[in-house]
Asks: 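Attaching a single structure in structure tokens format; questions to follow.
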Amino acid sequence: MTLVAQIKCAAADALKHLFPEADIQLSMITVNQTKPEFTGDYTIVLFPFVKQLRQKPDVLGNQLGSYLVEKNELFTEFQIVSGFLNLTISDSYWTNLLVNHFNDAHFGEKPKQDRRVMVEYSSPNTNKPLHFGHLRNNFLGFAMGEILKANGNQVVKANLINDRGIHICKSMIAWQRFADGATPESTDTKGDHLVGDYYVKFNDILKEQTAPIMDRIFHGDFDDLDAAAADKAAKLIAAYNKPEVKDDKDKADKIKGDIKEIAQNHTEIQLAAKEMLRQWEAGDLEVRKLWETMNGWVYQGFSETYKRLGVDFDKMYYESETYLLGKEIVVKGLEKGVLFKKEDGSVWIDLTADGLDEKLLLRGDGTSVYMTQDLGTAVLKYNDFKLNQSIYVIADEQNYHMQVLKLILEKLGEPCADGVFHLSYGMVELPTGRMKSREGTVVDADDMINEMLRLAQEQTEEAGKTEGFTQEELKKLYNTIGLGALKFYLLRVDPKKKMIFDPKESIDLHGFTATFIQYAHARICSILRKEHVAVMPDNAGFHHFKMTAPFEKAEKDLIITLDQYPMMLESAAAEYNPSQLCSYAFHLAQLFNTFYDQHSIANAESEEKKQLRLMLIVMTAQILRRSMKLCGINLPEKM
RNA sequence: GGUCCGGUAGCUCAGUUGGAUAGAGCAUCAGCCUUCUAAGCUGAGGGUCAUUGGUUCGAAUCCAAUCCGGAUCACCA
């Protein structure tokens, strides 16, 4: 039981004893850490009881405080300040915590339970390299997996690779036409980047081919279009030429966009990509072979990047293998009457009663849409691992899609429905707006990693901290610092919030950063080295510890925060929010730095203080290390 | 237009069930290295918590309305 929970229980018992007729619920008791300007460790708010107990806050506080200090050895002192009961926790609680847990490698973690959770994250398309936005997804997914593990869950980290579809055909078409047989080897280019280059090339050509068609459409020439499109285009042009639309820039842009889409769909190269997709689905050998080759290049590139990022997966799903799933589920849904068929043969679900729209599940020609295959993979995942929960780490632009997915699964009575959970995160944007891979305005993931390593090296050299390291060690150190900074930067904010990243301003290595935490850890390790104490020492020399001198303020602040770690770890899992661990670790490092500045460990006033402080810093280092590790961030012993 | 999310210091963000004078970091200014790593520490300035009303002992937090920003509402994925 956490200390806060113990205080609540003690207070509830006390109130029950002091006011037998009263009905005090545990949930009415608010316990906070005491503000620094007051004496005490934790504070009970008295106001909620005033009315029911018909006591003035101060009188009530006196009764409650006296009772607690007298009857419960957890408390040694109390003070009342305007409606708040400030309690001082006995030193023995703190010293017990230290002696029992200062070298506990899994402090705050829960034993493994029979609860299976899948975290699906990363889930890239195979037509282009990973960008900055994917990094947020990868770090978030990895961290959540680790945090859930530390809370006792059995976690399967999964990656659903979107390896088929029109996007990869675009890269393939452009490669066929313009690459002249180029391979990653022949061009010395990372495979995912090579394929991505041809995706960009495709879009360049598409743009070139779209312009004249659009031009002709605006001149009333619809010869490029098929009959249906020509009809639609004519209507759009008519609407566009209305005076009230011409004056409204938003409306005009919208129509222009629709016309552009029509034009794009009738370019030669777009039609070629569509034809290639048809050939792929028909199993055309040559197309399949090229597809396999180019995907192979991309996987090679991805696996390098994943390795550098330090993320991993227990299970890979490939869309080419799962995109046909889901049809059976739809057929069953039709039989059950949950779904309905329209005249053209397309299958829909009516969600209007739930405040949503009708949603298409099978096209008129019987082919699947995105939702169909997601239904299928949801069931597949559930059957593969008997999941209690299935987490999808997906950007918030898909909130609606995920809401609909869960709802449809529920309506179909699929047992996996309950466990579906969308871990929705905000997109990473540039100061100029969203990143668009088609327009090449993305911040590339590999470039970003390189930039961070460069920054780590530059700042380490500037600070003159390279002495005593081999080249090999330095390389590792820059990696630890650079990647740590990158991960922390992306994990330190609430996942739900979108974030703006300005590439011109490089990521800082000071202040609220991983570097700050790494530095505190390195300082601790340095002290331990000089004192010949292991980073994780055994109990010998500490288990007879007896404290006679009172805590210094900085010591107390540190130990109170160490004691809160289990609560933080649980909360990070419950809220699906690794940023809580980042804030916590930073705060802990801050408290350590203050403590370090004020008190000497090696030359402590007494042997007793030295022992106390060694336990304090060992435990601090351990929790810093562990909490950051769960976020995928390593802490060096020297920097 | 419907639905959902967001608006806190110049900037980036904390602030979980309502609790004390709203906190960090960056940036600015002023101090601190002969002593365990100054990538650090101490201090100062900086706020109409978008606006208005409501609920109550008490509201950044809950409710309502309004304003602003974003996402989404495809026989795309």
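Naming convention: chains lettered A, B, ... in sequence-line order (proteins, then strands); numbering from 1 in each chain. Keep in mind the model is a prediction, meaning the values are calculated, not measured.
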Asks: Identify which nucleotide among B:G40, B:C73, B:C26 has an atom closest to any side-chain atom of A:Asp357, counting heavy atoms from C-beta outward.
Replies: B:C73
Asks: Is B:C33 in the syn or the anti form, by the rule that syn lies within 90° of 0?
Replies: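 You should classify B:C33 as syn.
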Asks: Could you check whether A:Phe488 and A:Phe516 have their ring centres less than 6.0 Å apart?
Replies: no
Asks: Whether A:Arg363 contacts B:C76 is assessed here as follows: a side-chain N or O lying under 4.0 Å from the phosphate OP1 or OP2. Is that the case?
Replies: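 Yes.
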Asks: Once you round to the nearest 0.5 Å, how far does CG of A:Leu616 lie from CZ of A:Phe595?
Replies: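 Between A:Leu616 CG and A:Phe595 CZ, I get 5.5 Å after rounding to 0.5 Å.
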Asks: OP1, OP2 of B:C5 versus side-chain N and O of A:Lys496: anything below 4.0 Å?
Replies: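 So the side-chain polar atoms of A:Lys496 never come under 4.0 Å of the phosphate oxygens OP1 or OP2 of B:C5.
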Asks: On a whole-Å scale, what distance lies between the P atoms belonging to B:U66 and B:G1?
Replies: 11 Å
Asks: Roughly how far apart, to the nearest Å, are B:U34 and B:G43 at atom C1'?
Replies: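 Roughly 25 Å separates the two C1' atoms.
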Asks: In whole Å, what separates the C1' atom of B:A20 from that of B:C57?
Replies: 14 Å
Asks: Choosing from B:C26, B:C13, B:U17, which nucleotide comes nearest the side chain of A:Lys8?
Replies: B:U17
Asks: Tabulate atom names and distances for all N/O pairs under 3.5 angstrom spanning the protein and nucleotides 55-61 of chain B.
Replies:
unit_1, atom_1, unit_2, atom_2, d
B:C57, OP1, A:Lys51, NZ, 3.3

Asks: Work out which heavy atom in A:Cys582 is nearest to a heavy atom in A:Ile517; give both atom names and the distance.
Replies: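 Here A:Cys582 and A:Ile517 meet closest at O-CD1, 4.4 Å.
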Asks: Using the C1' atom on both, measure B:C49 against B:U61 and round to a whole Å.
Replies: 10 Å
Asks: Quick one: CD1 on A:Ile481 to CD on A:Gln518, what's the gap to the nearest 0.5 Å?
Replies: 6.0 Å
Asks: Which nucleotide in the set B:U16, B:A39, B:G25 lies at the smallest distance from any side-chain heavy atom of A:Met568?
Replies: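 That would be B:U16.
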Asks: Take atom C1' in B:G47 and the same atom in B:C11, then report the distance between them in whole Å.
Replies: 14 Å
Asks: Would you mind telling me which of A:Tyr42, A:Phe47, A:Phe38 makes a ring-ring contact (aromatic ring centres under 6.0 Å, His included) with A:Phe84?
Replies: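 Filter result, single survivor: A:Phe47.
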Asks: If you write RNA chain B from 5' to 3' in dot-bracket form, with Watson-Crick or G-U pairs under 3.5 Å, [ ] for crossing pairs and | for pairs with another strand, what do you get?
Replies: (((((((..((((.....[...)))).(((((.......))))).....(((((..]....))))))))))))....
Asks: So, A:Trp280 versus A:Tyr323, ring centres under 6.0 angstrom or not?
Replies: yes
Asks: Roughly how many Å apart are B:C33 and B:G40, using the C1' atom of each and rounding to a whole number?
Replies: 10 Å
Asks: Of the nucleotides B:A20, B:A74, B:U8, which has the atom closest to the A:Glu261 side chain?
Replies: B:A74
Asks: Quick one: is B:A24 close enough that its OP1 or OP2 comes under 4.0 Å of any side-chain N or O from A:His587?
Replies: no
Asks: If you measure from CG on A:Leu558 to OG1 on A:Thr594, what distance do you get to the nearest 0.5 Å?
Replies: 9.5 Å
Asks: Can you find a heavy atom in the side chain of A:Ile168 that is under 4.5 Å from one in the side chain of A:Val298?
Replies: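 Side chain of A:Ile168 against side chain of A:Val298, heavy atoms only: no contact under 4.5 Å found.
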Asks: For B:A50 and B:A60, measure between their P atoms and round to the nearest Å.
Replies: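 To the nearest whole Å, 10 Å.
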Asks: By the 4.0 Å heavy-atom rule, please label A:Thr367 as base, sugar-phosphate, or nothing.
Replies: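 The residue A:Thr367 makes no contact with any strand.
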Asks: What integer number of Å spans the P atoms of B:A9 and B:U52?
Replies: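 Pairwise P distance, B:A9 against B:U52, rounds to 16 Å.
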Asks: What nucleotide among B:G69, B:G25, B:C73 has an atom nearest to a side-chain atom of A:Lys498?
Replies: B:G69
Asks: Between A:Glu605 and A:Arg613, is there a side-chain N and carboxylate O pair less than 4.0 Å apart?
Replies: yes
Asks: Measure from the ring centre of A:Phe38 to the centre of the six-membered ring in the base of B:A20, then say whether that distance is under 5.5 Å and the planes meet at under 30°.
Replies: yes
Asks: Just call it for A:Gly364: base, sugar-phosphate, or nothing, with non-hydrogen atoms closer than 4.0 Å on any strand.
Replies: base
Asks: Please state whether the phosphate of B:G40, meaning OP1 or OP2, lies under 4.0 angstrom from any side-chain nitrogen or oxygen of A:Gln590.
Replies: no
Asks: Could you tell me whether A:Asp365 and A:Arg363 make a salt bridge, using a distance below 4.0 angstrom between a side-chain N and a carboxylate O?
Replies: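 A salt bridge is absent here (no side-chain N lies under 4.0 Å from a carboxylate O).
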Asks: Looking only at heavy atoms, what is the nearest atom pair of A:Val493 and A:Arg136, with distance?
Replies: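 Looking at all heavy atoms of both residues, the shortest contact is CG2-NH2, 3.4 Å.
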Asks: Let's test your reading of the model: under 3.5 Å, does the base of B:A39 pair with the side chain of A:Thr513 as donor and acceptor?
Replies: no
Asks: If you draw a 6.0 Å radius around NZ in A:Lys610, do more than 12 non-hydrogen atoms from other residues or ligands fall strictly inside?
Replies: yes
Asks: Hey, is the side chain of A:Asn86 pairing donor to acceptor with the base of B:A20 inside 3.5 Å?
Replies: yes
Asks: Find every protein N or O atom lying less than 3.5 Å from an N or O atom of nucleotides 34-37 of chain B, and list the pairs.
Replies:
unit_1, atom_1, unit_2, atom_2, d
B:C36, O3', A:Lys530, NZ, 3.0
B:C36, O2, A:Ile601, N, 3.2
B:C36, O2, A:Ala602, N, 3.0
B:C36, N3, A:Ile601, N, 3.1
B:C36, N4, A:Tyr596, O, 2.4
B:C36, N4, A:His599, O, 2.5
B:U37, OP1, A:Ser526, OG, 2.5
B:U37, OP2, A:Ser526, OG, 3.2
B:U37, OP2, A:Lys530, NZ, 2.6
B:U37, O2', A:Tyr519, OH, 2.4
B:U37, O2', A:Arg523, NE, 2.8
B:U37, O2, A:Lys465, NZ, 2.9
B:U37, N3, A:Met639, O, 2.7
B:U37, O4, A:Met639, N, 2.9
B:U37, O4, A:Met639, O, 3.4

